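Structure record follows, encoded as structure tokens.
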Amino acid sequence: MPELPEVETTRRQIEKIMVGRRIEAVETTRPSYFFLTPPEELRRRLPGQRVDRLDRAGKYLVAALGDGSRLLLHLGMTGQLFSSDAASVRLLSSTARASLSPEAQIRFKPDEHTHLRIRFAGSGPDLFFRDVRKFGKVEWLAHGEKSERLDRLGIDALGLTGELLFRANRARRVAIKSMLLDQSVCAGIGNIYADEALFLAGVRPGRAAKRVTRSECETIAKFVRQVLERSIETGGSSISDYVAPDGSDGGYQDERHVYARTGEPCPRCATPIKRKMIGQRSSHYCLRCQK
DNA sequence: ACCGCACCCTGAGCGC
DNA sequence: TGCGCTCAGGGTGCGG
């Protein structure tokens, strides 16, 4: 589900209910691969900790805790972080929404997909982490403990440069789009923004990375930054089920050019947008505008 | 080192 | 109404 702009939007909203507060209790579901740290350990380690900061690294959220330990959160495809003040009606698709009883529409009640609940001391809302597909992740790192997940990440996508991309592309036969999705090259881009940036740059997603010129790399990097920044301004993309923690929809889906627009006219030349699988991900592009 | 693929889950939407 | 199929914005790990 969420890429850099959605994670950043989530961070800005969740920060308000986490930072400066002390964790009082933690509730979890049963152990599953969602929990990189066993849930019983989370319930033991987290209470008493104050949240000092909430940072973002690529698509990860990193909460810095009072004793120097850290809590890593990754939303995967369907992860949702939200406050216990949020109304359930805003957490579901419009069809699912309509089938809810009026009572259920007023306030969210933790369900079997709500894998983590953090209760804070004092007044103010709790934090819920709900994830239907369980592709999300929770991990607790002790003070000074290294995280191979974070260490693997390349430069944050907002700081991608043509030079970095060009160097990474050397001798790589994979598609340029696969390079953009590779979190060790740059962190934060996902399927939507890879397609959008490549459309704006006029480069076909399937082109072999080593065949992309230096100046095209500059253009791609420029549009990657531009598309991500603009999406953050609009609150991210709400295409299938992403909604911000406060329940509002993002706005970027209305500005996208090619993603999930198969068959629709290209906004530039009116040629129907083509869809093709590249690196196991559906890719959308214009045959005429993208070389 | 690189590359393609299977896999981890659940739910929505579609054709029949 | 139900069945079977495809698809989904994530990432990891394996074998060739």
Side-chain angles (χ1 to χ4, degrees), chain A residues 1-10 29-36 57-61 72-81 91-99 111-115 129-139 147-154 157 168-198 205-206 208-210 227-228 231-232 234-244 249-253 255-256 258-262 275-284:
Chain A
M1 162 176 84
E3 306 180 32
L4 188 152
E6 293 76 33
V7 176
E8 178 61 21
T9 300
T10 299
T29 49
R30 308 293 308 160
S32 68
Y33 64 87
F34 176 84
F35 294 105
L36 296 174
K59 300 174 195 172
Y60 287 90
L61 290 174
L72 258 57
L73 304 167
H74 193 291
L75 299 174
M77 292 275 270
T78 52
Q80 301 171 300
L81 283 165
L91 297 167
L92 303 164
S93 66
S94 53
T95 45
R97 212 173 281 176
S99 67
D111 59 3
E112 75 269 32
H113 302 303
T114 307
H115 301 294
F129 190 171
R130 182 174 186 269
D131 185 1
V132 169
R133 288 174 77 182
K134 287 194 282 192
F135 288 173
K137 295 278 174 283
V138 180
E139 183 177 27
S147 163
E148 73 254 15
R149 282 159 200 281
L150 294 184
D151 292 347
R152 249 199 303 264
L153 298 179
N169 281 347
R170 286 256 166 84
R172 298 297 298 270
R173 284 172 295 156
V174 289
I176 180 65
K177 178 174 175 185
S178 300
M179 296 299 291
L180 294 180
L181 293 177
D182 184 340
Q183 303 297 298
S184 70
V185 172
C186 66
I189 303 173
N191 213 24
I192 298 176
Y193 301 107
D195 280 3
E196 291 299 311
L198 287 169
K210 63 180 177 182
V227 156
L228 295 175
S231 184
I232 292 171
T234 66
S237 300
S238 296
I239 290 176
S240 61
D241 34 29
Y242 174 78
V243 290
D249 283 335
Y252 198 75
Q253 66 280 0
E255 298 188 18
R256 86 206 126 94
V258 289
Y259 182 80
R261 291 205 188 279
T262 313
R275 175 176 178 273
K276 182 185 173 186
M277 296 304 275
I278 294 169
Q280 286 82 242
R281 311 299 298 279
S282 69
S283 305
H284 313 77

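Proteins get letters first, then strands, A, B, ... in listed order; numbering begins at 1 in each. What you see is a predicted model, and the numbers here were worked out from it, not measured in a lab. The figures that follow rest on heavy atoms only: side chains count, while hydrogens, waters and symmetry mates do not.
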Test of ring centre spacing under 6.0 Å for A:Y259 and A:H284: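 Ring-ring flag for A:Y259/A:H284: true, centres closer than 6.0 Å.
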Measure from [atom1] on [X] to [atom2] on [N] and round the result to the nearest Å.
X: A:K210; N: B:dC2; atom1: NZ; atom2: P; value: 12 Å
X: A:D182; N: B:dG4; atom1: CG; atom2: P; value: 12 Å
X: A:F34; N: B:dT10; atom1: CZ; atom2: C1'; value: 14 Å
X: A:Q80; N: C:dA8; atom1: CD; atom2: C1'; value: 14 Å
X: A:N191; N: C:dC7; atom1: CG; atom2: C1'; value: 12 Å
X: A:Q280; N: B:dC8; atom1: CD; atom2: C1'; value: 15 Å
X: A:Q253; N: C:dA8; atom1: CD; atom2: P; value: 18 Å
X: A:K134; N: B:dC7; atom1: NZ; atom2: P; value: 18 Å

What distance, rounded to whole Å, do you find between the two [atom1] atoms, one in [N] and one in [M]?
N: B:dG11; M: C:dT12; atom1: C1'; value: 23 Å
N: B:dA6; M: C:dT6; atom1: P; value: 13 Å
N: C:dG11; M: B:dA1; atom1: P; value: 22 Å
N: B:dC9; M: C:dC3; atom1: P; value: 23 Å

Partner nucleotide, any strand, of B:dC2 [Watson-Crick/G-U, under 3.5 Å]: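 B:dC2 is paired with C:dG16.
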Pair partner, B:dC9 [Watson-Crick or wobble, under 3.5 Å]: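 B:dC9 is unpaired by these criteria.
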OP1 or OP2 of B:dC2 under 4.0 Å from side-chain N/O of A:R170: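 So the side-chain polar atoms of A:R170 never come under 4.0 Å of the phosphate oxygens OP1 or OP2 of B:dC2.
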Under 4.0 angstrom between A:R172 side-chain N/O and B:dC3 OP1 or OP2: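 Indeed, a polar side-chain atom of A:R172 lies that close.
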Heavy-atom donor-acceptor pair, A:E6 side chain to A:E3 backbone, under 3.5 Å: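 A pair under 3.5 Å: yes.
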Under 3.5 Å donor-acceptor, A:D131 side chain and A:F135 backbone: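 Yes.
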Distance-minimising heavy-atom pair for A:L180 and A:C186: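 In terms of heavy atoms, the two residues are closest at O-SG, 4.1 Å.
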Shortest non-hydrogen contact between A:F129 and A:G79, atoms and distance: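 The pair with the smallest heavy-atom distance is CE2-CA, 3.9 Å.
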Summary of protein contacts for nucleotides 11-16 of chain C, nucleotide by nucleotide, where a base hit scores B, a sugar-phosphate-only hit scores S (4.0 Å, heavy atoms): SS----
CA sep, side-chain torsions, deciding dist, call: A:L36, A:R149, side chain to side chain contact (heavy atoms under 4.5 Å, CB included): CA-CA 11 Å; A:L36 296 174; A:R149 282 159 200 281; 3.3 Å; yes
More than 12 heavy atoms of other groups within 6.0 Å of A:K276 NZ: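 No.
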From B:dT10, C:dC7, B:dC2, nucleotide with atom closest to A:H113 side chain: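 Closest nucleotide among those given: B:dT10.
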Touch class at under 4.0 angstrom, heavy-atom based, for A:S282 against every strand present: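 Here A:S282 touches the backbone only, sparing every base.
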Any A:L150 side-chain heavy atom under 4.5 Å of A:L72 side chain: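 Answer yes - side chains close enough.
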